Structure formats: structure tokens, C-alpha cells
Amino acid sequence: MRISRRIALALPAAALALAVGSAHAQDMMKLKIGTEGAYPPFNNLTADGSLEGFDIDIAKALCEEMKAECEFVTQDWDGIIPALQAGKFDAIVASMSITEERKKQVDFTNKYYNTPPALVVPKESDIAGTTPEDLAGKVIGAQGSTTHANFAETTFTDSDVKVYPTAEEYKLDMVNGRLDAVIDDIIVLQEFLDSDDGACCKVLGTLTPREDIYGPGIGIAVRQGEDELREKLNAAITAIRENGKYKEINDKYFTFDAYGD
Amino acid sequence: MSAEAQASVERPPVVKKGWTRARTIGVVLLTIWAALGLAVLGFMINAWDPDIFTRYAPRYLSGLWITVQLVVVSVFLGALLSVPIALGRSSKNKLIGALAYAYVYFFRGTPLLAQTFLVYYGLGSFRPELQAVGLWTFFREAWYCAVFAFTLNTAAYQAEILRGAIESVGKGQWEAAAAMGLSRFQTARKIILPQALIVALRPYGNEIILMIKGSAIVAIITVYDLMGETRRAYARTFDFQTYIWAAIIYLGLVEILRNAVDWIERRITKHLKR
């Protein structure tokens, strides 16, 4: 079935290619970029349906650097790696941590940022610290299929870790008062605290990321073996770090250098 | 008809089965199906990983248990709730009829996903009000919210099944029973319901099957049922066999239920068989 659909899709495409002529094809590299669109301030959909955020701006800068024509595709987080493998897009720019488990499925570029995870609690919370003992018996919210959920489940073994489909849901549940704490990237949580809903809560503290779970930072995922694209992206990351474009985007969102050490 | 007369009947010649278009298409489609089945089987054997199995099998079992509990409790409570709704639907009182109709209309016309989401996250935002009336302890728990939403949903479907089944029994039976001096309750219990349940059994079976599959959405409110555990296992392993395992378990669950319904049907329709 998949094969016949591919053929069905390929035929008009081939006809179109013949009609247009292949002259333009070589000029610009065409790239489809997959992202989640539910993770502000890194990538989220605006009210009118377009994408914005740090990931998006970085991706656009990289495309400009590579002289590529880029198109964004939004995809649920759970299915984002299979969608890449199935060729729905060519690269994932969606704040994805470079982990060993994911490396078995996809290849990663070098990191393009690295920020620590943090815990957020209600303002009136009596939780004193960020150790597993402090959080014993508490309910912690996290987004499912993420390094943060992984980290919470392996670190806070005496707590009840509840996992949500996207960051939006754990925020809702935090506001509703079902959670004692939530774990996520400090920047994502800070953005939440700055919003109207975030008035309920405060940062309890940042956590030291465990290298075996979090890996070296956030990278761009490409299909395995696509070394040419990966190298091009790596070169582009280095280039925008050097030419100030990265800093320009960084300063639009953050008061410190998100790239890390 | 006597044996002699039968022997003299002229039969049309047996038509030789050729490769008609329909037959060719049928055989081709079956071959494709069989090939797909073999491919899945081959994939499963190929992808077999004892590590993954030992790590996630217990989680699958706990997920399966959650799914079973959720469906059993919701379908049972829904069955109780469906009786007054079904009565309301066939009530002569216009107001009661309209209310029951609105209930069924809403719960059948909107997705279970939306209903579950609204109960959990929507009602959750009325926390102070719920606390004031002492309902927050109930709605705080995702599990209760799930049971609540699923019960309301299945009650609407079950009420329609029940109403349809009762209406399928002829009005004359009510009249006959009344003529013999039976009360309405006696008539319903001894005469109408036993006949109605025969009609209702298959749709009930379908409704439970739909609930089993529908319950797979419950992970959005953090209840980790079979599907939730599957997604978690997949997120850790990126191995498609996790989903195939879930499909096989759901299939087994539905198959058990289907056989149970068949068995019940054989029992309660004994008197109709010749």
C-alpha cells in the first residue's frame, strides 16, 4: 500500500518536474524542517498559525547560511523521530537533546544550545530543596518522551511522576493545582512563569543535568548516514556562532548565552 | 415433494468456475494480506529483543490491568446510568424526553477525547468552586476523571441500545401482559427485557469493544493504560515492535470479548434454534 501511494505521489511530481524543467533544482537546496510547535519560547505556533521561537529563528538563520530553501513541518513530539525516518522532513530542529538512545535511530549535529533543567513549584509550596528526599511523596509533572521525564523517573524514584503529551498540559495541571512540582528546561519554565498563568508558581532551583540522560546538549537530528547534510548544518552552526547571527537571535530571547560552555 | 418427483427435476449444468474478475481481485487481495501478515510476523521475529521484553512486559501488564479496570468500571456504571436515560428518552413527558435527548445528542456527537480533556483540564480550572462543594478530592485524581468521562460517554450509547431494544419488542406484548393483570414492572422484567436483551446483546458487545479501543486516549490525562505504556516504551526504544505488541494485546482482548458474546448469544437464543 505504501509503495502504491508513493508511486501515485511520484507520478504527478515527475510530470511537474518535466514541465518546469530541472534547471532550478540545482540552484537551491530544498530542506524540510520538522518541529513540534508546542514548546515556547523555542518553537510554538502563533495565533495565526505560523511558527515562532528560538529554534525557528536558528533554523532560518542556518538555512540562510546554507543558502537553502526551508519549509517547516509541525509534528507531534511522540512521532517526530519516526516521521523523520519516514522522510516527512529532513531535519528536526525542535530542542531535541542529543542522547544515546536517540543516536541509535538518528544522527545529530553538534549542539546549538544547552540549558539546564529546573523545577518549578507553587508559590506557597513547602518543598525545601531539589533532592530526591525533598520531593519524596510529591507529584511531579513532565512532558512525556522527553529527557526531563526520563530524568525525573530515574532520579525522583520516591515521587509520583506524571507525564503529559505536551508542555501545555502540565502547565494547565500546575495551574489547576494537581501537581506539586514540574520539571523542564529552565527557559521554558521561565517563559511559563512570565505568562499570566505562571503567577501561581516560582522556580525552586535548577538541577545538575546527568550526562548519561541529557547528553551534551540540544542538537539537530537528521537521518542516519546523511553526513553531507549533517556537516553542512555543523558548518552553518559554527558560522552563525562566529558571524554574530547567533548572538542576535540569542539576545532576542535570553539574557545569557544559551549555547553554554 | 416425493423422491420420484425430485429425481426428475432438470438441473442446470454446473457452471465451471473460471478466473472471473471478482475472483482474481479477491485472490490478489488475499495474497497481499497474507504477505503483510507474514511481513509483520517476520519483523516481530527479527526484532525480538529479550532485553526489551523483560524490561517492558511487566509495564504492559500493569497497563493492560488499568485498561481492563477502566473499561469494566465505566461500562458497569454506564449501564446503571443508561436505564434512567433510556426511560427518559421514551418518556411521554416532553421536558424529560428533551433532556434525555440532549444528553445523548451531546455525548454521542462529540469525541471522547474532547470529553475526557474537558472533564480533567476543564473542570480542573474550577478548583475553588469544586473545593467549596467538596468535589475536588474526586476530580483531583486523573483516574476518577477518566472513569467519570467514560461512564457519561458510554451511558449515552448504552441508553440508545437499550431504548432501541425495548422498542423492538412489539407493543402488543405490553397490552397482552396488561390484559393478564401483570404490573408494568413485572411485564418489563419477565417479558420485555428478556426479549430485548437478545436484540441488545450484539450492540452491547460492540460498545464494549469500542470502549476498549477508545480507552487508549486516556494517557492524555496521565493515566497510563496499555497504550500509554506502549508509547512510553516506544519513546525509550524507538522500536516499532512495541506498538505491534500493543496491537496484539488489544486484538486478544477484543477476541476474548467476541467469543464471550457469542457464547452468551448461543445460551440465550437456545429456544430460537431449530
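Computed over heavy atoms, backbone and side chain alike; hydrogens, waters and symmetry mates excluded. Reminder, nothing fancy here: chain letters follow the sequence lines and each chain counts from 1. Everything numeric in this text was worked out from a predicted model, so none of it was measured.
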Colleague: Above 12 or not: heavy atoms from other molecules or residues under 6.0 Å from CH2 of Trp33(B)?
Modeller: no

Colleague: Assess whether atom CZ of Phe53(B) is packed by more than 12 heavy atoms of other residues, nucleotides or ligands within 6.0 Å.
Modeller: no

Colleague: With a 6.0 Å cut-off (strictly less than), is the heavy-atom count around CZ of Phe43(B), excluding the residue itself, greater than 12?
Modeller: yes

Colleague: Is there a donor-acceptor pair under 3.5 Å between the side chain of Asp78(A) and the backbone N or O of Ala235(B)?
Modeller: no

Colleague: Using only non-hydrogen atoms and a strict under-4.5 angstrom cutoff, which residues of residues 148-168 of chain A touch chain B?
Modeller: Asn150(A), Glu153(A), Lys162(A), Val163(A), Tyr164(A), Pro165(A)

Colleague: Please check if the number of heavy atoms outside Phe117(B) that lie under 6.0 Å from its CZ is greater than 12.
Modeller: yes

Colleague: To the nearest 0.5 Å, what is the distance between CD1 on Ile221(B) and CD on Glu169(A)?
Modeller: 11.0 Å

Colleague: Do the side-chain N and O atoms of Tyr120(B) and Asp173(A) include a donor-acceptor pair separated by under 3.5 angstrom?
Modeller: yes

Colleague: Give the member of Thr237(B), Ile220(B), Val223(B) that has the highest number of heavy-atom pairs under 4.5 Å with chain A.
Modeller: Ile220(B)

Colleague: If you count heavy atoms of other groups shown closer than 6.0 angstrom to NZ of Lys32(A), is the number above 12?
Modeller: no

Colleague: Counting only non-hydrogen atoms closer than 4.5 Å, can you tell me which residues of residues 238-260 of chain B sit against chain A?
Modeller: Phe238(B), Phe240(B)

Colleague: Verify the neighbour count for atom CG of Asp76(A): are there more than 12 heavy atoms of other residues, nucleotides or ligands below 6.0 Å?
Modeller: no

Colleague: Examine whether an atom of Gln105(A) lies under 4.5 Å from a heavy atom of chain B, and if so say whether it belongs to the side chain, the backbone or both; otherwise answer neither.
Modeller: side chain

Colleague: Against chain A, label Arg140(B) side chain, backbone, both or neither, depending on which of its atoms sit under 4.5 Å from a heavy atom there.
Modeller: both

Colleague: Starting at CZ of Arg178(A), measure out to CZ of Phe139(B) and round the result to the nearest 0.5 Å.
Modeller: 9.5 Å

Colleague: Does Lys213(B) have more than 12 heavy atoms from other residues, nucleotides or ligands lying within 6.0 Å of its NZ?
Modeller: no

